[in-house]
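Take a look at the structure below.
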Amino acid sequence: MKTKKLKTANGLMSIIVSVLFCGSAVGLRPKLFSAKGHKAALAPAASDDGICASVVEAQNYVCEEHKVTTKDGYILSMQRIPVGRSGGEPGNRLPVLLQHGLLMDAVTWLLLPPEQSLAFLLADNGYDVWLANTRGTKYSRGHVTLSPDDSAFWDWTWDELVAYDLPATLQHVHDQTGQKPHYVGHSLGTLIALASFSKDQLVNKLRSAALLSPIAYVGQMTSPLAKNAADNFLAEALYWLGLDEFDPRGEAVVKLLKNICKKPGVDCTNLLNSFTGQNCCLKSSIVDVFLEHEPQATSTKNMIHVAQMIREGTIAMYDYNNEEENKKHYGQPNPPLYNMTSIPHDLPLFLSYGGADALSDVNDVKLLLESLKDHEGDKLVVQYRQDYAHADYVMGENAGQVLYEPLMAFFKLQ
């Protein structure tokens, strides 16, 4: 019965992903940039050799692979770029930890050419760069006792990323370097940081935090795909069918998307725009690069948690929708809230959000900023980009100049 459920669930996953993304791309005329004359940033896909060998070293950077075990037994992959392309000694370079968002992995920070990708830019500007990969992604599928084939392996949400993954990766960076790192999060990578800070956790282990496309409140999200999926309980349906792993990267789905992207008159930036908002600054060919590496798997339970946030407009722990279950986990009938007003007022924060972002909506970000209104004035830098949407922050061809340079200037003041 379990096998039959899994086959049904996987078939439904392919249908959902194909309809959501392909229906948004087919027949749409190019709206952004022509791919003519633009070389893809990365030719090879990340192989089983790891991100260092297949992605970073291919760009002539030194790279180290690291493994970190969380307190609940997950074995996470991390990559370290200790020096820039010109080489030199690591010395006392300040560490920076980069944390990707939902359905992504560390390749998020490496999709563009070296002179445009944040990870490479940081390394070339004197930083010791560390890349995190959350549990369930391609290179973080290890566990001390469980296999990804076990349902228990996928019994987690971003609550566990707050409680286990983020502390483990930060501690590893500190242990290896002897220094407090700066932190950069994108999308869900901002949520797990904010949630941790709201509990006054990890604050004393960081120099500062940069939050790109911040995700906290999401009740006013305008992405029709994300909102419809939440409102129609799609993640809950998959979970009921027995799909513990939410993997949008099924071979048939990716092959279909790639074939659609090759059709004349189809600009595959629309695959992203339909979900993230109208990105201003993506080259059409970046989607080919993106599909070589992303999207990545997460737990279906995590997708349910995000859907709960969209429907409720709150920042709360996972709701078991059963008072007794909630009491068993939390000691109370309703899941506890993460209180953004509890974030320490002296923590240096750089926050950048976009006017075209359909996932990190302007009105939701304003709620977050209202929660931070008592933050010390010289400890909070807010950047607003009217033209930016969600993917521009990690794949925008001009992000180096308009975003990453101000971000590095902020780091130098901390």
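Note that the coordinates shown come from a computational prediction; the quantities given were computed from them, not determined experimentally. Worth knowing before you read on, the calculation uses all heavy atoms, side chains too, and leaves out hydrogens, waters and symmetry mates.
A cation-pi arrangement, defined by a distance under 6.0 Å to the six-membered ring centre and an angle within 45 degrees of its axis, is absent between Arg385 and Tyr393.
Residues Arg135 and Asp72 are paired through a salt bridge, judged by an N-O separation under 4.0 Å between the basic side chain and the carboxylate. Using a 4.0 Å cut-off between charged nitrogen and carboxylate oxygen, Lys301 and Asp155 count as a salt-bridge pair.
Side-chain N or O atoms of Arg93 include one that pairs as donor or acceptor with a backbone N or O of Ala123 at under 3.5 Å. Remark: the backbone N or O of Glu376 is not paired with any side-chain donor or acceptor of Asp346 at under 3.5 angstrom. Side chain of Thr157 to main chain of Asp159: a donor-acceptor pair is present (N/O by atom type, distance under 3.5 Å, no hydrogens or angles). Remark: side-chain polar atoms of Glu325 are not paired, donor with acceptor, to backbone N or O of Asn321 under 3.5 angstrom. Panel note: side chain Thr276, backbone Ala389; no donor-acceptor pair is recorded below 3.5 Å. Of the possible polar contacts, none joining the Ser140 side chain to the Gly136 backbone as a donor-acceptor pair under 3.5 Å is found. Judged purely by atom type and a 3.5 angstrom limit, Thr298 has no side-chain atom pairing as donor or acceptor with the backbone of Phe246. Under a 3.5 Å cut-off, the side chain of Thr70 and the backbone N or O of Asp165 do not form any donor-acceptor pair. Using modelled atom types, one side-chain atom of His186 and one backbone atom of His390 make a donor-acceptor pair closer than 3.5 Å. A donor-acceptor distance shorter than 3.5 angstrom exists from the side chain of Asn279 to the backbone of Ala391, with no hydrogens or angles considered.
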Full working for salt bridge (charged side-chain N to carboxylate O under 4.0 Å, His left out) between Arg85 and Asp124: CA-CA 6 Å; Arg85 189 152 48 172; Asp124 287 334; 5.0 Å; no
side-chain contact (heavy atoms from CB on, under 4.5 Å) evaluation trace for Tyr330 with Tyr318: CA-CA 10 Å; Tyr330 310 124; Tyr318 182 82; 3.7 Å; yes
Candidate pair Met78 and His172, rule side-chain contact (heavy atoms from CB on, under 4.5 Å), full reasoning: CA-CA 10 Å; Met78 295 186 73; His172 184 73; 4.1 Å; yes
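Once rounded to the nearest 0.5 Å, the distance linking CG of Asp105 with OG of Ser77 reads 8.5 Å. Distance check, rounded to the nearest 0.5 Å: OG1 of Thr300 to OH of Tyr239 gives 8.0 Å. Going from atom CG of Leu202 over to atom OH of Tyr183 covers 9.5 Å, rounded to the nearest 0.5 Å. In this structure, the separation between CD on Gln414 and CZ on Arg207 is 9.5 Å, given to the nearest 0.5 Å. With rounding to the nearest 0.5 Å, the separation of CG in Leu367 from CG in Leu372 is 11.0 Å.
Contact of the Leu131 side chain with the Leu110 side chain is registered, since non-hydrogen atoms from C-beta on lie closer than 4.5 Å. Pro148 has its side chain within reach of Trp154: a pair of non-hydrogen atoms, C-beta onward, lies under 4.5 Å apart. When side chains are defined from C-beta on, Gln201 does not count as touching Pro167, because their heavy atoms never get closer than 4.5 Å. Using a 4.5 Å heavy-atom threshold, the side chains of Val365 and Asp357 count as separate. For the pair Lys379 and His345, the minimum side-chain heavy-atom distance is 4.5 Å or more. At a threshold of 4.5 Å between non-hydrogen side-chain atoms, the residues Tyr353 and Asp361 do not count as touching. In this structure, the side chains of Leu403 and Ser352 come closer than 4.5 Å at one or more pairs of heavy atoms. The closest side-chain heavy-atom distance from Val394 to Leu212 is not below 4.5 Å.
For the residue pair Glu65/Gln79, the side-chain donor-acceptor check at 3.5 Å is satisfied. Counting only N and O atoms by type, the side chains of Gln296 and Lys138 include no donor and acceptor under 3.5 Å apart. In summary, the side chains of Tyr388 and Asn398 do present a donor paired with an acceptor at a separation below 3.5 Å, with no hydrogens or angles considered.
For Phe153 and Tyr74, the gap between ring centers is short of 6.0 Å.
A side chain to side chain contact (heavy atoms under 4.5 Å, CB included) with Phe411 holds for exactly one of Asn125, Val184, Leu94; it is Val184.
Under the 30°/60° scheme for interplanar angles, the aromatic rings of His182 and Tyr127 are found to stand perpendicular.
Atom CG of Asp175 sits in a crowded spot, with more than 12 heavy atoms from other residues, nucleotides or ligands closer than 6.0 Å. Heavy-atom contacts from other residues, nucleotides or ligands closer than 6.0 Å to NZ of Lys67 number more than 12.
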